[in-house]
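Positions are given from 1 along the sequence.
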Amino acid sequence: MKLTCTDYKTADMQILIHHVYEYNKGLRSLVLHTMNSSEREKTEKLLQRKGISYFLQTVSESKINVFFGKEECIQIVKSFGDKSLSNFTDEQDFILGIMLGYARSQQYDRYIKRKGINTELISAKLVG
């Protein structure tokens, strides 16, 4: 199947192409893009043509998660298994957030909340 410019005109593909641009410019080490599963073949062809490591995960009958970026990041994501993002452990969620480039302080707060860590209690023990 030969792809033409019109094959890349959907919103999903335009956003994917923008993410590829950001990855190639070094702005991201890992990208997660959720898109329509009907775009799967075009997505794979694009990433293969660009020589970018990727991992596709089925979300539902109509949606897929596309992880792409540095090979090390892809290997880490694959090591988490083929489970829903909502089923990631607190540690996996934290690691993924850091690799995706989310603000570190927000990831720290998210991890603390997910773990149910009482920071006031910890602070009191450190002072007392």
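If you take NE2 on His33 and OG1 on Thr43, they are separated by 7.0 Å, rounding to the nearest 0.5 Å. Taken to the nearest 0.5 Å, the CZ atom of Arg28 stands 8.0 Å off from the CG atom of Leu100. Distance OH/Tyr21 to CG/Leu27: 7.5 Å, rounded to 0.5 Å. Distance NE2/His19 to CG/Leu30: 11.0 Å, rounded to 0.5 Å.
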**OP:** Starting from the C-alpha separation in whole Å, work towards a yes-or-no answer on side-chain contact (heavy atoms from CB on, under 4.5 Å) for Val20 and Val31.
**Re:** CA-CA 8 Å; Val20 168; Val31 175; over 6 Å; no
**OP:** Take Arg49 and Glu44 through the test salt bridge (charged side-chain N to carboxylate O under 4.0 Å, His left out) and record every step on the way to the result.
**Re:** CA-CA 8 Å; Arg49 192 175 75 244; Glu44 288 191 86; over 6 Å; no
**OP:** I would like to know whether Ile76 and Met99 meet side-chain contact (heavy atoms from CB on, under 4.5 Å); could you show each step before the answer?
**Re:** CA-CA 10 Å; Ile76 292 169; Met99 288 191 309; 3.8 Å; yes
Original post:
Do Asn65 and Leu32 pass the side-chain contact (heavy atoms from CB on, under 4.5 Å) test, and can you show the C-alpha distance, the side-chain angles, and the key distance before you say yes or no?
Top reply: CA-CA 7 Å; Asn65 281 335; Leu32 166 57; 3.7 Å; yes
Original post:
Run the side-chain contact (heavy atoms from CB on, under 4.5 Å) check on Phe67 and Leu56 step by step: do they pass?
Top reply: CA-CA 6 Å; Phe67 295 91; Leu56 301 178; over 6 Å; no
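Ser38 and Asn36 share a donor-acceptor pair across their side chains, judged by distance under 3.5 Å alone.
The neighbour count for Lys63 NZ, taken as heavy atoms of other residues, nucleotides or ligands under 6.0 Å away, is above 12. More than 12 heavy atoms of other residues, nucleotides or ligands lie within 6.0 Å of CD in Gln48, so this atom counts as buried by the packing criterion. No more than 12 heavy atoms of other residues, nucleotides or ligands shown are found within 6.0 angstrom of NZ on Lys50.
When the side-chain hydrogen bond (donor to acceptor under 3.5 Å, both in side chains) test is applied to Tyr23, no partner is found at least two apart in sequence or on another chain. Remark: Tyr54 pairs with no residue by the ring pair (Phe, Tyr, Trp, His ring centres under 6.0 Å) rule, at least two apart or across chains. Considering only residues two or more places apart in sequence or on other chains, Arg114 meets the side-chain hydrogen bond (donor to acceptor under 3.5 Å, both in side chains) condition with Asp90, Asp93. Take Ser37 and apply the side-chain hydrogen bond (donor to acceptor under 3.5 Å, both in side chains) test, not counting sequence neighbours, and it matches no residue.
One hydrophobic cluster, built from ILVMFWY side chains closer than 4.5 Å, cannot hold both Ile52 and Val77; they sit in different ones.
Ion pair Glu22/Lys25 not flagged as a salt bridge, since none of the NZ, NE, NH1 or NH2 atoms sits closer than 4.0 Å to an Asp/Glu carboxylate oxygen. Taking the charged nitrogens against the carboxylate oxygens, Lys45 and Glu39 have no contact shorter than 4.0 Å, which rules out a salt bridge.
Other members of the cluster containing Val59 do not exist, because no ILVMFWY side chain is joined to it at under 4.5 Å.
Put simply, the side chain of Gln92 gets close to the backbone of Thr89: a donor and an acceptor are under 3.5 Å apart. Gln107 places no side-chain N or O within donor-acceptor distance of the main-chain N or O of Tyr102, the cut-off being under 3.5 Å. Under the 3.5 Å distance criterion, the side-chain polar atoms of Thr58 are left unmatched by any main-chain donor or acceptor of Ser60.
Put simply, the side chain of Gln57 reaches to within 4.5 Å of the side chain of Phe55, judged on heavy atoms. For the pair Phe94 and Tyr108, the minimum side-chain heavy-atom distance is below 4.5 Å. Leu96 has its side chain out of reach of Ile98: every pair of non-hydrogen atoms, C-beta onward, lies at least 4.5 Å apart.
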Under 3.5 Å donor-acceptor pairs involving side-chain atoms of residues 68-75, not counting sequence neighbours:
residue, atom, partner, partner atom, Å
Glu71, OE1, Ser53, OG, 2.5
Glu71, OE2, Gln75, NE2, 2.4

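Closest of all the heavy-atom pairs between Thr34 and Asp12 is O-OD1, 4.2 Å.
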